[in-house]
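One-based numbering, in listed order, for ligands and for the atoms of each.
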Amino acid sequence: MELLRDFSADELAEILRAAGQPPFRAAQIYNWVNNGADYDAMNDVPKSLREYLKARYRAAPPRIAERLVSKDGSQKYLFVFDDGEAVEGVFMPHGYGNTLCASVQAGCRMGCAFCASGKNGLSRNLSAGEILGQVIAVNALLGGSARSRKIQNIVLMGSGEPLDNYDNTVKFLRLVTDARGLNFSSRAISLSTSGLVPEIRRLADEGAGVTLSVSLHATTDESRQKIMPIAKKYPISELLAAAKYYFEKTGRRVIFEYSLMKEYNMNFFDAKRLAEFCKNLSAHVNLIMLNRIDGGGIGGCTKPEAERFLEKLTRLGVSATLRRSFGSDIGGACGQLRGNYKKTEKQPKTDV
Ligand code: SAH
Ligand code: SF4
């Protein structure tokens with residue numbers, strides 16, 4: 001069934017106009033949808049219209065099938081869609097505004113060696129409304145509404161590659177920044193990509209104005225190719241040129257994500273090259289402690305080693321931070337909740 005949330009305010013207005021409804025109905029219903037309401041709650045909408053829509057479109061956000069709450073205030077969710085497909089999301093409380101990490105695809109086909117989301121390939125793309133639904137569901141769960149949000153920032157860093165689901169991701173950005181909807185500022189949204197060069201350029205031309213995070217993770221093509229298959233398609237030089245284009249076109253400072261893997265990306269020359277890359281771009285480096293995945297051969301580093309690498313970068317004049325880690329008490333690497341869910345609920349039960 002189609003989702004009401006997949007429609008923009010204008011598209012919804014057109015659907016209702018075609019159904020013979022007055023214009024103000026669209027605004028009412030659009031607001032309900034962004035508040036996370038199902039048809040039963042839409043008490044200022046005539047029952048007959050609710051029945052009409054209910055027969056055609058789903059209004060409720062995805063079901064939150066699991067919710068884990070950490071002592072540090074972060075929360076992890078498993079969102080389940082109508083077809084039983086599931087993705088994860090994480091809520092992180094920050095003094096300067098709460099952040100939701102959302103997913104754009106169920107699984108991922110990029111195959112990065114260190115990542116749990118890509119282990120079983122791509123299951124399917126999420127629609128714009130399914131991405132938006134994660135924000136709406138959590139906001140509603142935490143007692144927020146479209147006008148008074150409990151979420152201030154969004155990072156597209158859950159499962160999936162946003163630029164491999166380009167149209168739906170861009171539509172999601174339009175929906176979530178619409179003043180008639182959740183009204184996020186594009187500056188409050190980060191899009192993280194493993195580095196699809198043509199799509200980075202396209203996004204720059206799109207004028208979406210979101211913060212671009214590039215998952216760099218290595219400073220030579222040779223080492224990057226060992227951990228990220230996409231690096232075989234686009235050399236670092238092309239990726240940096242695209243990042244520069246994004247910076248110049250949008251004026252938004254680019255962020256390099258850099259997950260620390262001792263064997264691949266942490267020697268002094270890496271720090272030097274990283275400093276060189278940043279200089280041309282005034283980029284910021286976000287260092288991440290690798291979350292080791294089951295069966296993955298790639299190791300991370302210790303906290304003191306991470307701090308030493310950060311110090312090296314800082315001494316070289318790089319703007320860099322070591323990302324604070326959340327939810328250490330509520331489960332390991334991303335992808336774990338979904339993995340368990342797929343094993344227990346989605347797979348046909350067979351006796352072995
Ligand atoms: N596909 C996009 C966005 C989702 S992944 C991308 O790759 O950028 C979000 C971030 O988490 C990326 O920087 C990714 O490289 C990183 N990441 C994936 N698996 C990780 C792991 N096991 N430990 C630490 N960071 C990881
Ligand atoms: Fe996909 Fe990103 Fe994971 Fe790579 S790191 S497999 S691009 S989700």
Side-chain angles (χ1 to χ4, degrees), residues 87-90 92 99-126 131 134 154-166 168-169 172 189-197 199-200 203 210-218 223-234 239 242-243 246 254-266 283-301 303 306 309 321-328 331-339:
V87 299
E88 292 178 21
V90 185
M92 291 160 285
T99 299
L100 183 74
C101 171
S103 293
V104 295
Q105 294 178 317
C108 182
R109 63 188 182 118
M110 296 297 134
C112 304
F114 47 83
C115 176
S117 304
K119 275 288 157 259
N120 296 311
L122 176 68
S123 201
R124 70 168 175 85
N125 280 330
L126 300 191
I131 307 170
Q134 299 165 55
I154 299 169
V155 294
L156 297 180
M157 293 188 185
S159 62
E161 166 52 55
L163 300 183
D164 186 42
N165 184 15
Y166 188 90
N168 294 345
T169 298
F172 158 73
I189 303 172
S190 287
L191 184 153
S192 178
T193 177
S194 56
L196 277 66
V197 165
E199 285 79 9
I200 290 176
L203 190 70
V210 296
T211 301
L212 181 73
S213 292
V214 175
S215 297
L216 192 62
H217 303 322
S223 53
R224 195 162 189 266
Q225 283 168 9
K226 284 185 191 146
I227 51 177
M228 301 180 75
I230 188 78
K232 293 180 189 138
K233 199 161 175 193
Y234 305 112
L239 181 54
Y246 193 88
V254 171
I255 293 175
F256 289 131
E257 305 282 317
Y258 203 85
S259 295
L260 296 165
M261 296 167 243
K262 215 155 103 180
E263 284 166 53
Y264 296 92
N265 64 12
M266 290 184 70
H284 178 83
V285 177
N286 206 349
L287 299 178
I288 307 164
M289 295 291 292
L290 190 81
N291 212 335
R292 207 167 177 168
I293 59 169
D294 298 345
I298 294 186
C301 70
K303 191 83 193 285
F309 192 74
T321 40
L322 181 58
R323 188 197 280 169
R324 190 177 148 199
S325 66
F326 278 102
S328 50
C334 277
Q336 192 171 290
L337 280 185
R338 177 171 183 259

Looking only at distance, does [X] have an N or O less than 3.5 Å from an N or O of ligand 1?
{"X": "Phe114", "answer": "yes"}
{"X": "Gly160", "answer": "yes"}
{"X": "Arg292", "answer": "no"}

**OP:** Under the side-chain contact (heavy atoms from CB on, under 4.5 Å) rule, what do Phe309 and Leu287 come out as? Steps first, then yes or no, please.
**Re:** CA-CA 9 Å; Phe309 192 74; Leu287 299 178; 4.1 Å; yes

Who's closest to [atom] heavy-atom-wise, of [options]?
{"atom": "atom 14 (C) of ligand 1", "options": "His217, Met228, Met157", "answer": "His217"}
{"atom": "atom 8 (S) of ligand 2", "options": "Gly160, Gly111, Gly118", "answer": "Gly160"}
{"atom": "atom 3 (Fe) of ligand 2", "options": "Ser103, Ser259, Cys115", "answer": "Cys115"}
{"atom": "atom 7 (S) of ligand 2", "options": "Gln105, Glu257, Met157, Met110", "answer": "Met110"}

Contact atoms of ligand 1, heavy-atom distance to [X] under 4.0 Å:
{"X": "Glu257", "value": "13 (O)"}
{"X": "Cys115", "value": "18 (C), 19 (N)"}
{"X": "Ser194", "value": "6 (C), 7 (O), 8 (O)"}

Original post:
Can you list the ligand 2 atoms lying under 4.0 Å from a non-hydrogen atom of Ser194?
Top reply: 7 (S)

**OP:** Give the intermediate values and the outcome of side-chain contact (heavy atoms from CB on, under 4.5 Å) for residues Met110 and Ser194.
**Re:** CA-CA 8 Å; Met110 296 297 134; Ser194 56; 3.9 Å; yes

Does [X] reach the side chain of [Y], with side-chain heavy atoms less than 4.5 Å apart?
{"X": "Leu156", "Y": "Val210", "answer": "no"}
{"X": "Arg224", "Y": "Leu216", "answer": "yes"}
{"X": "Val214", "Y": "Tyr246", "answer": "no"}
{"X": "Val104", "Y": "Leu191", "answer": "no"}
{"X": "Leu126", "Y": "Asn168", "answer": "no"}

**OP:** Please confirm whether Ser159 comes under 4.0 Å of ligand 2, counting heavy atoms of the residue only.
**Re:** no

Original post:
Does Ser259 approach ligand 1 within less than 4.0 angstrom via side chain, backbone, both or neither, non-hydrogen atoms only?
Top reply: side chain

**OP:** Check Glu161 against ligand 1 and report side chain, backbone, both or neither, counting heavy atoms closer than 4.0 Å.
**Re:** both

Original post:
Of the protein's non-hydrogen atoms, which lies at the shortest distance from atom 1 (Fe) of ligand 2, and what is that distance?
Top reply: Cys108 SG, 2.3 Å

**OP:** Considering heavy atoms of the protein only, find what lies nearest to atom 4 (Fe) of ligand 2 and give residue, atom and distance to 0.1 Å.
**Re:** Cys112 SG, 2.3 Å

**OP:** With rounding to the nearest 0.5 Å, note down the distance linking CD1 in Ile298 to CD in Glu263.
**Re:** 8.0 Å

Original post:
Among the heavy atoms of Gly158, does any lie under 4.0 Å from an atom of ligand 1?
Top reply: yes

**OP:** Report the C-alpha distance between Leu290 and Leu260 in whole Å, list the side-chain angles of each, state the deciding distance to 0.1 Å, and finish with yes or no for side-chain contact (heavy atoms from CB on, under 4.5 Å).
**Re:** CA-CA 6 Å; Leu290 190 81; Leu260 296 165; 5.9 Å; no

Original post:
Aromatic rings Phe114 and His217: how do their planes relate, parallel, tilted or perpendicular, breaks at 30° and 60°?
Top reply: perpendicular

Original post:
Is there a donor in the side chain of Ser159 and an acceptor in the side chain of Ser103, or the other way round, less than 3.5 Å apart?
Top reply: yes

